[in-house]
Amino acid sequence: MATSLTLIATPCTAPRSSSTSPRSRPWRREGNHAAIGSGTCRRRQRRHDDEAVCLDQHPPRTLRRRPNGTYIRNGPGMWDVGEHAFHHLFDGYATLVRVSFRGRSGGGARATGAHRQIESEAYRAAVARGRPVLREFSHCPAPAKSLLDRVGDLVGLVTGAALTDNPNSAVLPLGDGRTTKSSVLIDPDTLETVGRFRYTDRLGGMVQSAHPIVTDTEFLTLLPDLVRPGHLVVRMEAGSNERKVIGRVDCRGGPSPGWLHSFAVTEKYVVVPEMPLRYSSASLLTSELAPFYAFDWVPASGSYMHVMCKSTGKTVASVEVPPFMAIHFINAYEEEGDEAAVVVDCCEHYGNPAIIETLVLNRLRSLRGKDVLPNARVGRFRIPLDGSPFGELETALDPEEHGRGMDMCSINPARLGRKYRYAYACGARRPCNFPNTLTKIDLVEKKAKSWHEEGSVPSEPFFVARTGATDEDDGVVISVVSSDDGEGYALVLDATTFEEISRVRFPYGLPYGFHGCWIPGTE
Ligand SMILES: CC(=O)/C=C/C=C(C)/C=C/C1=C(C)CCCC1(C)C
Ligand SMILES: CC(/C=C/C=O)=C\C=C\C=O
Ligand SMILES: [Fe+2]
């Protein structure tokens with residue numbers, strides 16, 4: 001049986017029934033894929049199946065770092081449907097990109113690539129009707145005209161059926177090697193949408209963190225509770241379809257939970273962030289946009305970090321912290337001793353939600369070369385475990401090291417929840433309106449090394465360890481790049497030196513995308 005993968009719908013996981021089997025629909029490539037970096041829309045028709053692509057020559061010293069396996073990346077690749085053009089980067093219908101590397105001992109190497117739309121119900125309905133039908137990140141469908149339809153709309157909002165199931169953020173292989181969890185199941189070879197996941201529990205959860213943490217043994221995620229403001233921390237064992245509640249964290253500020261795109265874990269704890277960018281219940285109920293789409297920015301509500309023990313479900317620390325704005329958490333670890341604490345790192349936007357507006361598509365397309373990317377840093381929280389009411393937030397290294405911009409991070413997964421040294425992220429070479437470098441951040445030396453190519457927009461640098469590696473940075477970093485001329489390639493960097501090993505050219509432009517995963521090949 002082919003390995004299946006989980007695509008985590010962002011963030012609506014409401015299971016939907018479907019009358020047509022996704023398999024019965026031939027794949028079609030509607031709309032266009034706009035490489036946001038170049039601002040061009042490439043309308044060349046392409047089959048979804050493999051296109052021959054070549055690996056550039058490798059300098060001999062890098063041969064032992066040649067990857068062997070498949071990289072799959074997800075992201076919002078289609079921003080136009082019918083006459084409708086989406087407004088925000090996060091609205092686009094999910095597009096998968098796959099690059100399969102076949103390293104050969106003693107010489108050559110080959111790689112093939114493919115891309116394909118995910119057939120979520122949101123995507124299928126939009127294609128069928130020639131306009132978006134469900135609520136996307138920045139788009140609310142027009143309210144129904146008749147009273148009956150309005151009742152239908154309200155039911156849709158309450159049950160979550162009106163919210164998107166467009167899974168445009170992450171793609172995760174489940175640790176059980178058996179099957180996949182979450183809303184959309186993907187065949188990693190053909191990228192075909194092969195089914196939908198149904199939880200067997202009754203936790204509901206219209207909305208969940210876009211970045212569940214998946215290991216060989218478990219799947220951890222957070223479910224926001226908008227009725228009694230708080231978060232459920234839930235766990236699903238590998239091989240099970242049933243999420244179980246570990247515990248609940250009550251919100252300390254605001255009328256609703258903070259947006260939780262991602263979160264962090266240590267070996268013993270789950271860290272639940274609560275930032276002032278909070279779900280807008282009014283927006284969700286009235287289907288009207290809030291100042292930040294589905295969110296309000298409520299600085300007066302405060303910022304907090306909660307730490308829950310994974311084994312007991314008890315909240316062992318709940319501290320107020322300086323205001324913060326973070327979409328992505330990098331990693332966390334425990335510090336023992338007299339001053340026991342949990343250290344949590346994130347891509348922090350100086351407590352400023354402006355990054356959300358920066359990602360509006362017409363700004364990305366029209367402000368190229370203008371220095372309008374808001375500053376960001378590696379924000380390091382220290383959460384004391386001695387009952388103190390406050391936690392600290394400091395800047396982990398001089399942000400000039402990464403051009404005062406940073407987001408879209410990865411680490412060596414072997415360091416998850418443990419003390420670590422290296423983070424990989426997209427950084428900035430200014431002036432720019434979007435992260436345009438790949439950066440390797442050394443959190444011990446407090447230095448960064450960067451890769452940059454004029455006019456190119458690289459996506460998240462994804463770390464893949466070398467088989468048998470023991471050093472934290474022994475491996476490669478993979479990123480899919482949209483180049484200035486609208487073309488696209490997958491880039492492989494040596495994670496130690498951060499020098500280029502190879503690039504795999506796609507014979508056509510690729511859309512910008514978000515997060516990827518790695519499926520090791522057979523040796
Ligand atoms: C891709 C990414 O980073 C974020 C995407 C976020 C989405 C699609 C969020 C959607 C929504 C909420 C966060 C709250 C409920 C409404 C809805 C618009 C589905
Ligand atoms: C692309 C992005 C932030 C860039 C900031 O500099 C965030 C994407 C989030 C999706 O997962
Ligand atoms: Fe993300």
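Order of appearance sets the numbers: ligands from 1, and atoms from 1 within every ligand.
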Practice task
Can you label the angle between the Phe434 ring and the Tyr512 ring as parallel, tilted or perpendicular, going by 30° and 60°?
Solution key: perpendicular

Handout entry: Region of Thr358 that comes within reach of ligand 2 [heavy atoms, distance under 4.0 Å]
Key = neither

Practice task
Please report which non-hydrogen protein atom sits nearest to atom 4 (C) of ligand 2, along with the residue it belongs to and the distance in Å to one decimal place.
Solution key: Asp407 CB, 3.9 Å

Handout entry: Centroid-centroid distance, Tyr293 to Phe137, less than 6.0 Å
Key = yes

Problem - Heteroatom proximity flag, His261 to ligand 2, N/O under 3.5 Å - result: yes

Problem - Where ligand 1 meets Leu284 - atom numbers and elements under 4.0 angstrom, heavy-atom basis - result: 15 (C), 16 (C)

Practice task
Take Arg377 and Asp398 through the test salt bridge (charged side-chain N to carboxylate O under 4.0 Å, His left out) and record every step on the way to the result.
Solution key: CA-CA 8 Å; Arg377 58 176 171 170; Asp398 180 355; over 6 Å; no

Fill in the blank from the handout: Within the 4.0 Å heavy-atom cut-off, what His515 brings close to ligand 2 is side chain

Practice task
Could you tell me if the ring centre of Tyr424 sits under 6.0 Å from that of Phe462?
Solution key: no

Practice task
Compare Phe514, Phe295, Phe137 and give the one whose heavy atom is closest to atom 13 (C) of ligand 1.
Solution key: Phe295

Practice task
Could you list the atoms of ligand 2 found under 4.0 angstrom from a heavy atom of Ser169?
Solution key: 11 (O)

Exercise for the section: Please list, in chain and residue-number order, the protein N/O/S atoms closer than 2.8 Å to the Fe ion (ligand 3). Expected result: His211 NE2, His261 NE2, His328 NE2, His515 NE2

Practice task
May I ask you to check whether His328 and His515 place their ring centres under 6.0 Å from each other?
Solution key: yes

Practice task
Considering the heavy atoms of Asn168, write down every atom of ligand 1 situated less than 4.0 Å from one of them.
Solution key: 1 (C)

Problem - Contacting atoms of ligand 1, where contact means under 4.0 angstrom from a heavy atom of Glu136 - result: 18 (C)

Problem - Nearest-neighbour protein heavy atom for atom 6 (O) of ligand 2, which is reported as residue plus atom name and distance - result: Pro435 CG, 3.2 Å

Practice task
Examine the side chains of Arg503 and Ser483 and answer whether a donor and an acceptor come within less than 3.5 Å of each other.
Solution key: no

Practice task
Heavy-atom contacts with Ile355 under 4.0 Å: which atoms of ligand 2 show up? List them by number with element.
Solution key: 5 (C), 6 (O)

Handout entry: Ring-ring centroid check Phe506 Tyr489, cutoff 6.0 Å
Key = no

Exercise for the section: Compute the minimum heavy-atom distance from Ala376 to ligand 2 and say whether it is under 4.0 Å. Expected result: no

Completion exercise
Per-atom filter on ligand 1: closer than 4.0 angstrom to a heavy atom of His261 are 2 (C), 3 (O)

Exercise for the section: Give a yes or no on whether the ring-centroid distance for Phe90 and Phe514 is below 6.0 angstrom. Expected result: yes

Exercise for the section: Examine Phe381 together with Phe324 and report whether their ring centres are nearer than 6.0 Å. Expected result: yes

Handout entry: Under-4.0 Å salt bridge between Arg248 and Asp250
Key = yes

Exercise for the section: Would you sort out whether Trp518 and Tyr71 count as a ring pair (Phe, Tyr, Trp, His ring centres under 6.0 Å), showing the intermediate values? Expected result: CA-CA 5 Å; Trp518 177 252; Tyr71 172 70; 7.3 Å; no

Problem - Validation row, ring centre His139 to ring centre His88 under 6.0 Å - result: no

Practice task
Please identify each residue that fulfils salt bridge (Lys or Arg N to Asp or Glu O under 4.0 Å) with Arg418, with sequence neighbours left out.
Solution key: none

Handout entry: atom 9 (C) of ligand 2: the protein heavy-atom neighbour that sits closest, reported with distance to 0.1 Å
Key = His328 CE1, 3.3 Å

Handout entry: atom 7 (C) of ligand 2 [closest protein heavy-atom partner, distance rounded to 0.1 Å]
Key = Met408 SD, 3.7 Å

